[in-house]
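Here's the structure we're looking at; comments come further down.
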Amino acid sequence: MSELVRPGRFFDSSFGDLFSWATDPFYRDIWSVTPRSIGEGQIWSPRVDLVEKDDCFLVKAEVPGVPKENINVDLKGDILTVSGEKADERKSDEEREGTVYHRMERSYGKFERSIRLPKHIDRKGIKANCKDGMLTVTVPKKQVEKSESQKIEIANE
């Protein structure tokens, strides 16, 4: 649909992240999409894309600089959680002597992101791959048999 004919285009660009949870069936509470403050010892959340294909869902998480050994992917119930830790590149106080950080925008420390998945998934077929700072979790859809329609007669009492 063209940007010119979409009545909510202003809100899409200005408030998209703020209201995305309201129409997203994969999120059920606002706290799972609200960024947490980042600081010493606090948890940060990687950016995530959730893509639906004909046969699977793809969960893509940005985890630049995090080796796959430091990443955990867990499924508990219908909640897929990606967690881990990115090492702080800053040196100890002694090694930083004479170094001034004017800006630090990259996140480090522990991270966690949880996504609620639909019920019709093949739990045993889930696979994860991490390449070039992008974690991709492939969640196959479970084949749901379509049942034939059956007319139910209403009895007279």
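Under the 4.5 Å side-chain criterion, counting only non-hydrogen atoms from C-beta, Val82 is not in contact with Asn72. Here the side chains of Trp44 and Lys86 are in contact, with some heavy-atom distance below 4.5 Å. Between Lys151 and Glu153, some side-chain heavy-atom pair lies under the 4.5 Å cut-off. A 4.5 Å side-chain heavy-atom check between Leu50 and Leu58 finds every atom pair outside the cut-off.
One distance of note links NZ of Lys110 with OG of Ser83; it measures 9.5 Å at 0.5 Å rounding. Remark: Arg116 CZ to Asp78 CG distance equals 5.0 Å, nearest 0.5 Å.
Remark: Thr138 engages no residue in a side chain to side chain donor-acceptor pair (under 3.5 Å) (not counting sequence neighbours).
In this structure, Glu85 and Phe111 approach most closely via the heavy-atom pair N-CE2, 3.4 Å. Looking at every heavy atom in both residues, Cys56 comes nearest to Pro140 through CB-CA, 3.8 Å.
Side-chain atoms of Arg113 come within 3.5 Å of backbone atoms of Pro46 as a donor-acceptor pair (strictly under, hydrogens ignored). The closest donor-acceptor contact from the side chain of Thr81 to the backbone of Asp74 lies at 3.5 Å or more, if one exists at all.
A cation-pi arrangement is present between Lys141 and Phe57, with the terminal nitrogen or guanidinium carbon under 6.0 Å from the aromatic centre and inside a 45° cone about the axis.
For residues 53-71, no pair satisfies salt bridge (charged side-chain N to carboxylate O under 4.0 Å, His left out), with sequence neighbours left out.
Arg103 has a carboxylate O that lies under 4.0 Å from a charged side-chain N of Glu105, or vice versa, which qualifies the two as a salt bridge.
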Sequence neighbours excluded and cut-off under 3.5 Å, please list the side-chain donor-acceptor pairs for residues 120-135, or say none.
unit_1 : atom_1 : unit_2 : atom_2 : d
Asp122 : OD1    : Lys124 : N      : 3.3
Arg123 : NH1    : Gly77  : O      : 2.5

